[in-house]
Amino acid sequence: MSSISPSLTNITVQDQRLPDRVMISVLTTLPSCVFLVINGIMLFTLRSKPVFRETCCYVLLYNLLFADTVQLGQSQVHLLLSVLQIRVSYPVCTFIIIFTNLTTVVSPLTLVVMPLERYVAVCYPLRHAAIITIRNTGAAVTVIWAISFLNIIIRTLLFLELFEKLDSLEVKGFCSDIAILLGSKSDHYDKAFTSFVFVSAGVAVMFSYIGVILAARSASTDKALAHKARNTLVLNLIQLCLSLSSTIYYPLLISLSMIVTRIILFRIQNVFYLFFIILPRCLTSLIYGLRDQTIRPVLTYYLCCRLILPVVENKA
C-alpha cells in the first residue's frame with residue numbers, strides 16, 4: 001500500500017519562493033498540530049479508564065486511532081521535507097516510506113475487524129462475550145500488525161533487488177512513494193496489496209451491515225442495539241471511504257499536472273493534502289469522541305484541561 005507522503009515531484013516545489021513555502025508550512029502544520037493534540041488526548045482517554053481498556057470495541061478503536069495519529073505525523077514530516085527541499089538517498093527514503101507504510105496498512109485492516117465485532121454483538125448476543133474477548137481482540141490486533149510487518153518485509157526485498165540496478169543512490173526529486181517505485185514489480189505488488197486490503201474491508205463492512213439489518217427484523221433482537229450497530233457500521237464505511245480517498249491523491253495530481261500550470265498545481269496539491277490526508281485522520285477522534293456516550297464526558301474533561309470537574313469524572 002502506498003504511503004501517504006504529500007510531495008508530488010520536484011515540478012511543484014522547487015519553483016516556489018521562500019515566502020510561499022513558509023506560508024504552506026504554517027497553513028498545514030498548524031491544523032496538523034491541533035489534531036495531533038486532540039488525537040493524543042483521545043488516545044490518553046482510551047487508556048485512562050478500565051472500562052476502555054477492558055472493552056473490545058474500545059481496544060480496536062485505540063488501535064485505529066493510534067495508526068491514524070502516526071500517519072498524520074508522518075505525513076506532515078513528508079510535507080516539510082518537500083517544502084524545505086530536503087533530498088535524501090534511496091536507502092534513507094526507503095526507510096522513511098517503509099516506516100510510514102507500517103501504519104498505513106493498520107487502519108483499513110482494523111476496519112475489517114471492527115464491523116465483525118458489531119455483527120457478532122447483534123446477531124449472536126448470547127455468544128458475544130465468549131467470542132469477542134480481550135484475549136481474542138489482542139490476537140486480532142497482533143495479526144493486523146503482523147500482516148503490516150509482512151507487507152513491509154516484502155516491499156523491502158523488492159527495493160533491495162532494485163537498488164543493485166541504480167546508477168546513483170540519490171533520489172531524483174523528493175522522497176515519496178512514487179520516487180521509490182523503481183520497477184514494475186514493486187508497482188504491481190503495491191496496487192495488488194492495496195486492492196486486497198480495501199476489498200476485504202469493504203466486504204467485511206457490507207457483510208456486517210446486511211447481517212445487522214436482517215437481524216433487526218427479528219423479534220428477539222435488541223432494536224436499540226441493532227440501530228446503534230447499524231449507525232456504527234455506516235461510520236466504518238465512511239472511514240473506509242476516507243482512507244481509500246488518500247489512494248487517489250497522487251493519480252489526481254498527476255492528471256492535473258498535465259493540464260494546469262505549476263503554480264496552480266502547487267495550490268491544488270495543498271488543498272488536496274488538507275482534504276485527503278489531514279481530514280480523514282482527524283475524523284476518527286471527533287466522530288467517536290463526540291458520539292460515544294461513555295467516551296464523551298471523559299474526553300471533554302481532558303480537553304478542557306480538567307477544568308470541568310469531577311462530575312464528568314464520575315460519569316465514566
Quiz item: Where do Tyr58 and Thr294 land on the side chain to side chain contact (heavy atoms under 4.5 Å, CB included) test, with the steps shown first?
Solution: CA-CA 10 Å; Tyr58 293 132; Thr294 307; 3.4 Å; yes
Quiz item: Going only through I, L, V, M, F, W and Y residues with side-chain contacts under 4.5 Å, is there a path from Leu116 to Tyr209?
Solution: no
Quiz item: Hey, is the main chain of Ile134 close enough, under 3.5 Å, to the side chain of Glu54 for a donor-acceptor pair?
Solution: no
Quiz item: Shared ILVMFWY cluster between Leu65 and Val112, side chains joined below 4.5 angstrom?
Solution: no
Exercise. Carefully, step by step, assess Leu72 and Ser32 under the rule side chain to side chain contact (heavy atoms under 4.5 Å, CB included).
Key: CA-CA 7 Å; Leu72 180 59; Ser32 293; 4.2 Å; yes
Quiz item: What's the spacing between Thr55 OG1 and Glu117 CD if we round to 0.5 Å?
Solution: 9.5 Å
Practice problem: Grab the two heavy atoms, one from Gln71 and one from Ser107, that are nearest each other, plus how far apart they are. | Solution: NE2-OG, 2.9 Å
Quiz item: How many angstroms lie between atom CD1 of Ile38 and atom OG1 of Thr45, to the nearest 0.5 angstrom?
Solution: 11.5 Å
Self-check item: Cluster check Phe196, Ile152: I/L/V/M/F/W/Y, side chain < 4.5 angstrom
Solution: yes
Quiz item: Closest heavy-atom contact between Pro115 and Ala204?
Solution: CB-O, 3.9 Å
Self-check item: Val203 with Val143, same ILVMFWY side-chain cluster at under 4.5 Å
Solution: no
Self-check item: Residue from Asn63, Thr142, Val59 passing side chain to side chain contact (heavy atoms under 4.5 Å, CB included) with Thr137
Solution: Val59
Quiz item: Roughly how far apart are Tyr62 OH and Thr69 OG1, rounded to 0.5 Å?
Solution: 9.0 Å
Exercise. Check the pair Val212 / Arg118 against side chain to side chain contact (heavy atoms under 4.5 Å, CB included), numbers first and verdict last.
Key: CA-CA 8 Å; Val212 168; Arg118 288 293 85 196; 5.5 Å; no
Exercise. Rounded to the nearest 0.5 Å, what's the gap from CG on Leu214 to SG on Cys123? Could you check?
Key: 8.0 Å
Self-check item: Distance in Å, Ile41 CD1 paired with Leu36 CG, rounded so as to fall on 0.5 Å steps
Solution: 11.5 Å
Exercise. Please work out which of the three classes, parallel, tilted or perpendicular, describes the rings of Trp145 and Phe149, given edges at 30° and 60°.
Key: tilted
Quiz prompt | Leu46 to Phe52 - nearest heavy-atom pair and separation | solution = O-CB, 3.2 Å
Quiz prompt | Minimum-distance pair of heavy atoms, taken over all atoms of Ala67 and Val106 | solution = CB-CG1, 3.7 Å
Practice problem: Spell out, yes or no, whether Leu64 and Val70 are grouped together once hydrophobic residues are joined by side-chain heavy atoms under 4.5 Å, including indirect joins. | Solution: yes
Quiz item: Applying the side chain to side chain contact (heavy atoms under 4.5 Å, CB included) test to Val197, which of Ile147, Thr104, Leu109 qualifies?
Solution: Leu109
Exercise. Work out which heavy atom in Ser48 is nearest to a heavy atom in Arg53; give both atom names and the distance.
Key: C-NH1, 3.6 Å
Quiz item: Closest heavy-atom contact between Asn136 and Ile131?
Solution: ND2-O, 2.6 Å
Quiz prompt | ring-ring contact (aromatic ring centres under 6.0 Å, His included) against Phe207, all qualifying residues, sequence neighbours excluded | solution = Tyr119
